[in-house]
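Below you'll find the structure, written out as structure tokens, and then a few comments.
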Amino acid sequence: MKVDVLLGLQWGDEGKGKVVDVLTPRYDVVARFQGGPNAGHTLEFEGQKYVLRSIPSGIFQGDKVNIIGNGVVLAPDLFMDEAKELEKSGHALVNRLHISKKAHLIMPTHRLLDAAYEAAKGKNKVGTTGKGIGPTYTDKISRNGLRVGDILENFEEKYAAHKARHEKILASLNYTDYDITEVEKKWMEGIEYLKQFELVVSEHEVNRLLRDGKSVLCEGAQGTMLDVDFGSYPFVTSSNTVCAGACTGLGIGPNKIGDVYGIMKAYCTRIGAGPFPTELFDETGDKIRAIGHEYGAVTGRERRCGWIDLVALKYAIMVNGVTKLIMMKSDVLDGFESVKACVAYKLSDGTQIDYFPYDITEGIEPVYVEMPGWNQDLSKISSESEFPQAFKNYIDFLEKELETPIVIISVGPDREQTIER
Ligand code: GDP
Ligand code: IMO
Ligand code: MG
């Protein structure tokens, strides 16, 4: 069996949670491979809305196995809140959620370090989610991390040593005005809470499941433009959000990857700081934000909005090896006279390029193709045959430019508002 990977192609929040939930009935296993509680994956069904942060979006559908892989960073206190909330709504997790012992723990002091580094960057700050993601991955890479498996033995001792090291760094950054007594207490409760879950060596588990003929869907977090190698560095997250991250974040060989589903919105958004070539600062951008409810699921911040960027998308399709595209939030563009798609960048020296350059920070202007809008409500449509002609033209144009089929079109937040082609 092969593993299918589903990931975001833009700056996150493309609608990954919704699609994973829709596709889950076709898989035996859903696994997260990177990121942590910086993610906010929204699912809506039967009039209920859920936002998942660290728990895979396969958790709502039957007794699928859900795995948190070694590539994930886990905050025990936030995880406990999230899991308890799900239990309260009737979705017990204990036997269905397996957690890699190699996943790294986000400590309270990692969150302080996140804030301290942001403060030190001043106007160049990344605009992180403040969840301690960067400092935790930094500790992992510099071989200083604390892992889920560490909670099983001499944990207090290990924790104290890591905390002391962090306190020294915080002092060197003049970041000393904090009191984590309460947070730490809850964090330790979270550690105890974690122990009731099956703590696994996820690479053995995933490969065994594949050998047993089980199908696996990997759920990406963030998006390709936030990838630490290929995104708009340094305004990125600290993990590999691209398809290769599924190999390293779960322990799967590249030859085991099957389909790669690339998720994109019919337009584009970004939250936090950093370059965004097609960003709209006018009432069109405000209109997209209002209709699309473009506010962060984790921080509530306004999402910046703009037209779809095909230059960036082609690049994302390339680095991920995307085989199938999924277009979300098409209904948000229902009321526009015309829609635009960026097909090239004009650089500050006047040259025009149609490939994603080394750096998109300086003076890039988008070159647009403008198409008539469809001016029709898509949200109640249930089959492709009902699509208005102008919307079909938009899809055809995107498929031709991106040289990849769009296999699913989402026309609303609900599970049911999903059209397969
Ligand atoms: P994720 O992080 O990629 O899972 O995406 P988020 O959950 O952060 O953001 C996507 C938002 O769009 C959520 O509020 C979803 O409920 C909503 N959504 C998803 N698909 C659609 C759609 O097709 N139309 C509309 N109007 N909303 C959608
Ligand atoms: P999902 O999975 C959108 C952004 C932050 C910030 C940058 C670095 O819901 O798509 P971090 O806290 O990771 O160090 O922040 O990345 N960011 C996201 N933006 N969706 C996300 O996740 C994000 N996770 C992080 O806003 O700009
Ligand atoms: Mg999100």
Side-chain angles (χ1 to χ4, degrees), residues 6-22 32 34-45 48-54 56-57 72-73 75 106 110-111 113-115 117-118 121 125-138 219-228 231-239 241 263-276 288 290-304 326-334 377-379 381 408-419:
L6 184 149
L7 41 78
L9 298 181
Q10 294 161 326
W11 276 285
D13 301 330
E14 295 89 352
K16 298 174 290 291
K18 168 180 166 166
V19 186
V20 170
D21 173 57
V22 167
R32 277 277 304 266
Q34 46 68 237
N38 49 347
H41 294 179
T42 316
L43 294 79
E44 284 191 40
F45 55 90
Q48 293 290 325
K49 179 171 163 174
Y50 302 89
V51 180
L52 297 175
R53 289 170 177 191
S54 301
S57 301
V72 171
V73 287
I106 303 177
H110 281 129
R111 296 198 282 251
L113 284 166
D114 196 350
Y117 287 131
E118 283 284 86
K121 282 187 176 224
K125 71 175 190 207
V126 177
T128 73
T129 59
K131 304 293 177 203
I133 304 297
T136 307
Y137 278 116
T138 301
E219 172 181 5
Q222 290 79 54
T224 302
M225 291 296 129
L226 289 171
D227 179 273
V228 67
S232 48
Y233 192 88
F235 299 96
V236 294
T237 191
S238 298
S239 65
T241 63
I263 318 279
M264 62 193 192
K265 284 180 187 170
Y267 48 95
C268 197
T269 64
R270 161 159 221 180
I271 199 160
F276 178 4
I288 295 177
I291 300 173
H293 304 293
E294 294 296 357
Y295 296 90
V298 173
T299 55
R301 292 177 294 175
E302 262 189 13
R303 292 182 186 141
R304 301 152 63 192
I326 297 179
M327 184 161 82
M328 311 300 290
K329 304 195 90 158
S330 318
D331 55 299
V332 173
L333 299 185
D334 283 354
D377 180 6
L378 295 180
S379 69
I381 285 181
I408 295 176
I409 301 220
S410 175
V411 293
D414 196 273
R415 202 186 257 174
E416 304 296 325
Q417 292 170 298
T418 314
I419 297 160

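Note that the structure is a prediction, hence the values are computed from the model and not measured. Positions are given from 1 along the sequence. Both ligands and their constituent atoms are indexed starting at 1 by order of listing.
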| task | Do me a favour and list the nearest non-hydrogen protein atom to atom 6 (P) of ligand 1 with residue, atom name and distance? | result | Gly40 O, 3.5 Å

| Which residue and heavy atom of the protein sit nearest atom 15 (C) of ligand 1, plus the separation | Thr42 CB, 3.9 Å

| task | Can you tell me which residues line ligand 2 if we count any heavy atom under 4.0 angstrom from one of its atoms, in chain and number order? | result | Trp11, Gly12, Asp13, Lys16, Asn38, Ala39, Gly40, His41, Val126, Gly127, Thr128, Thr129, Ile133, Ala221, Gln222, Leu226, Val236, Thr237, Ile271, Gly272, Arg301

| task | Just let me know how Lys329 lines up against ligand 1, side chain, backbone, both or neither, with a heavy-atom cut-off below 4.0 Å. | result | both

| Residue, atom name and distance, where the atom is the protein heavy atom closest to atom 4 (O) of ligand 1 | Gly17 N, 2.9 Å

| Under a 4.0 Å heavy-atom limit, does Glu44 contact ligand 1 with its side chain, its backbone, both, or neither? | side chain

| Would you call Gly8 a ligand 1 contact, heavy-atom distance under 4.0 Å? | no

| said: My understanding is that we take every heavy atom of each candidate and find the minimum distance to atom 3 (O) of ligand 1. Doing that for Lys16, Arg53, Lys49, which one comes out nearest? | reply: Lys16

| said: Run the ring pair (Phe, Tyr, Trp, His ring centres under 6.0 Å) test against Tyr233 and tell me which residues pass, sequence neighbours left out. | reply: none

| message | Do Ser232 and Arg270 pair up side chain to side chain, a donor and an acceptor below 3.5 Å, judged on atom types alone? | response | yes

| query | Applying a strict 4.0 Å limit to heavy atoms, is Arg303 in contact with ligand 1? | reply | yes

| query | Which value, rounded to 10°, describes the O(Gly40)-the Mg ion (ligand 3)-OD1(Asp13) angle? | reply | 160°

| Strictly by modelled atom types, are Tyr137 and Gln34 linked by a side-chain donor-acceptor pair under 3.5 Å? | no

| field | Arg304 to Phe276, cation-pi by 6.0 Å centre distance and 45° axis angle | value | no

| task | Please indicate whether any nitrogen or oxygen in Gly15 is less than 3.5 Å from any nitrogen or oxygen in ligand 1. | result | yes

| said: List the residues meeting side chain to side chain contact (heavy atoms under 4.5 Å, CB included) with Pro234, not counting sequence neighbours, and say none if there are none. | reply: none

| said: Under 4.0 Å between a side-chain nitrogen and a carboxylate oxygen: does that hold for Arg415 and Asp21? | reply: yes

| said: Quick test: of every protein heavy atom, which one is nearest to atom 10 (C) of ligand 1, and how far off is it to 0.1 Å? | reply: Asp13 O, 3.7 Å

| query | Of all residues at least two apart in sequence or in a different chain, which pass the side-chain hydrogen bond (donor to acceptor under 3.5 Å, both in side chains) check with Thr269? | reply | Lys265

| note | Honestly, for Val411 the part within reach of ligand 1 (heavy atoms, under 4.0 Å) is backbone

| Nitrogen or oxygen atoms of Val332 and ligand 1 under 3.5 Å apart | no

| field | Taking atom 23 (O) of ligand 1 as the reference point, the nearest protein heavy atom with its distance | value | Ser410 OG, 2.5 Å

| task | Provide, to 0.1 Å, the distance between atom 26 (N) of ligand 1 and the closest protein heavy atom, together with that atom's residue and name. | result | Asp331 OD2, 2.8 Å

